[in-house]
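Each remark here refers to the structure printed beneath this line.
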Protein chains: 2
Amino acid sequence: MKLSKKNLGDRLNHVYDVIIVGGGAGGLSAAIYLQRYRLSCLVVEKGRGRSFWMQDLRNYLGLPPDTPGRDLLQQGQDHALSLGADHLRGYVESVEDEGDTFAVKVKVGKADSVYPVFRSRYVIAASGIIDHLPHLENMQNVYDYAGYNLHVCMICDGYEMADKRCGLFVNSEGNINTAFVLNWFTPYITVFTQGLFEVSAEMRKKLRDHGYPLVELPIKRFLGHDHEMTGVELIDGSMVPLETGLVAMGSHYFNEYLQGLDLEWKGDNLVTDGMCRTSHPRIFALGDLKEGINQVAIAVADGALAATAIWREIRRASPPRRWEAHLDKSHSDSDSDILPPESFPQPIEAAS
Amino acid sequence: MKLSKKNLGDRLNHVYDVIIVGGGAGGLSAAIYLQRYRLSCLVVEKGRGRSFWMQDLRNYLGLPPDTPGRDLLQQGQDHALSLGADHLRGYVESVEDEGDTFAVKVKVGKADSVYPVFRSRYVIAASGIIDHLPHLENMQNVYDYAGYNLHVCMICDGYEMADKRCGLFVNSEGNINTAFVLNWFTPYITVFTQGLFEVSAEMRKKLRDHGYPLVELPIKRFLGHDHEMTGVELIDGSMVPLETGLVAMGSHYFNEYLQGLDLEWKGDNLVTDGMCRTSHPRIFALGDLKEGINQVAIAVADGALAATAIWREIRRASPPRRWEAHLDKSHSDSDSDILPPESFPQPIEAAS
């Protein structure tokens with residue numbers, strides 16, 4: 001059920017099988033699988049993650065390519081709730097390993113916050129990333145275009161940029177190299193450093209050899225209308241016309257709550273096995289937090305894998321369920337062509 | 001575009017980047033990704049695969065849980081076609097490795113068949129499996145319930161069987177062991193061997209210890225109405241009431257066309273790396289054909305992974321695209337607050 005400040009007290013003495021940090025594509029897929037495995041889970045969702053901002057989810061099988069990311073999330077949340085998952089809007093502050101359980105401290109509410117602690121046997125880290133965007137005085141001007149034709153993911157949206165005049169917005173020399181992959185889709189690339197760092201002579205030459213203009217003046221604002229970015233105005237008032245853009249400025253990883261735990265990392269990504277298990281046997285990591293490509297389809301599969309691994313482990317540690325007479329359920333089916341329950345066949349051995 | 005006997009001649013001199021064998025969840029996801037990577041692909045689909053038979057796709061994020069598998073497939077086919085993929089209804093008879101290309105021979109049409117040969121640089125094997133079903137004289141009686149409440153996948157539908165009287169239909173002693181996983185969901189299990197094999201004394205004891213009846217008489221027919229199976233009638237006329245069923249009789253793997261190639265197998269599954277590449281560097285395998293759990297979500301992610309690996313390889317082997325003046329496209333944007341193309345900024349180095 002949906003938890004809030006009002007009713008979360010009911011769950012403070014409960015030990016969930018799994019607490020899922022993050023209600024994006026990976027976390028919701030895990031919740032659906034876990035509940036269908038008859039395990040209990042709580043999804044803690046801070047809101048406004050990466051998929052929330054996607055205006056069109058163009059490469060996910062089964063949904064029309066103009067489906068907004070938030071529709072996927074809403075459908076997934078309804079789906080998980082319908083299966084009995086708990087869902088709480090809140091921000092996970094810390095996860096403490098207590099041995100058999102984890103203590104997960106959540107901040108709920110921006111004003112008059114409360115800080116409940118929930119417990120679970122497993123934790124799934126599905127809190128994802130958020131892309132750094134150009135930092136302008138008026139950030140609303142950036143939000144007007146980000147996720148529309150100012151893209152943040154080349155795998156998702158390279159196709160939309162094909163053969164268009166494209167601004168590439170970077171914050172480090174390393175990220176300039178994105179241009180030499182992006183040129184698969186379009187060669188009409190202008191690189192914007194926003195004056196954030198020095199570009200090496202070697203990189204300047206490489207860009208010149210490719211014919212890609214390098215603009216180092218800071219950006220004043222994006223130009224455009226109705227969420228369609230048509231160019232950039234620089235601080236000296238000059239303007240650069242564009243038809244699309246790609247922001248390649250790295251990402252913030254929502255993993256602060258994991259820092260107290262002894263986990264194996266590769267850069268900002270958690271190292272996981274083929275079932276999304278981290279180096280801690282009861283912590284799993286999905287989607288963008290782990291190594292690999294950052295795609296909705298991958299996160300959804302990761303949710304299925306982690307849930308399956310957890311189910312297998314819990315199931316194998318549980319006693320087998322026998323069909324015992326005193327447990328037999330009442331059988332209300334009165335269809336005339338099947339036998340009544342009292343004549344249900346005995347095991348052949350017992351009868352013979 | 002949709003290919004048929006009438007228009008497939010247009011494609012016989014074309015070398016596709018990828019031919020995808022199988023238009024299920026994995027193959028269609030791969031096609032969507034490949035086309036968005038600006039690669040060319042042909043999907044060859046024999047029709048009526050495993051997901052086509054699913055009446056409800058209950059665990060795939062983003063779709064309501066009552067979505068039939070065929071809706072997913074139709075949406076995916078439309079999606080791939082809208083991106084320029086080719087799609088042909090046909091049966092792949094053989095794949096021959098010609099060195100730089102593969103020759104893929106397809107049987108098209110059940111009557112007056114033609115046997116075109118298409119060529120590609122890569123092959124994605126996404127032809128999947130189909131579950132063996134109990135073989136009755138009247139197979140329509142089986143089809144009336146299979147995919148409804150006579151299930152074939154415990155991961156997908158264990159939840160639907162929870163605490164119900166469940167028939168487990170097996171064709172080998174090994175498959176009887178499914179009962180000791182299925183009992184996570186329900187202990188009210190009756191095992192039906194259909195008289196197909198001898199059950200060992202050890203297994204009989206194990207079933208007896210669990211209280212699971214063993215029925216060895218062959219089945220005459222399933223009982224029920226409106227796709228709801230309510231029991232089984234045996235050949236001696238006796239009847240066993242049931243509320244649901246699970247068929248665990250193994251699967252047929254659609255991999256005949258791969259047998260001439262030197263690939264690494266593990267049982268019937270193809271061995272693949274983390275990007276779904278088989279032991280042949282230009283053959284990938286997705287979904288149920290490869291090792292792992294057989295789930296739509298996994299196949300969809302596999303399609304994304306294989307397409308990405310192929311794109312990376314083709315891209316890295318391609319010359320870089322430079323922004324050269326003579327290639328510059330006409331720029332029709334007349335928005336007054338952006339510069340005309342002739343004053344498009346030059347690379348800083350060139351200007352300074």
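Chain letters run A, B, ... following the sequence lines, proteins first and then strands; every chain starts at 1.
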Checking [Y] against [X]: is there a side-chain donor and acceptor pair closer than 3.5 Å?
X       : Y       : value
D17(B)  : Y37(B)  : no
Q74(A)  : D78(A)  : yes
Y188(A) : E243(A) : no

**Choice from R38(A), E160(A), E233(A) maximising heavy atom contacts with chain B below 4.5 Å** = R38(A)
**Request:** For each of I298(A), L73(A), D302(A), tally heavy-atom pairs with chain B at distances under 4.5 Å, and name the one with the top tally.
**Result:** I298(A)
[X] versus chain A, the contacting section by heavy-atom distance below 4.5 Å:
X       : value
I293(B) : side chain
L28(B)  : both
L83(B)  : both
A25(B)  : both
V181(B) : both
T186(B) : backbone
L39(B)  : side chain

**Message:** Would you call the rings of W311(B) and F185(A) parallel, tilted or perpendicular, taking 30° and 60° as the class edges?
**Reply:** tilted
**Prompt:** Tell me, side chain or backbone of A31(A) under 4.5 Å from chain B's heavy atoms, or both, or neither?
**Reply:** neither
**Asked** Considering heavy atoms only, which positions within residues 57-66 of chain A lie below 4.5 Å of chain B?
**Response** R58(A), N59(A), Y60(A), L61(A), G62(A), L63(A), P64(A), P65(A)
**Request:** Salt-bridge test for K290(A) and D273(A): reply yes if a basic N is under 4.0 Å from a carboxylate O, no otherwise.
**Result:** no
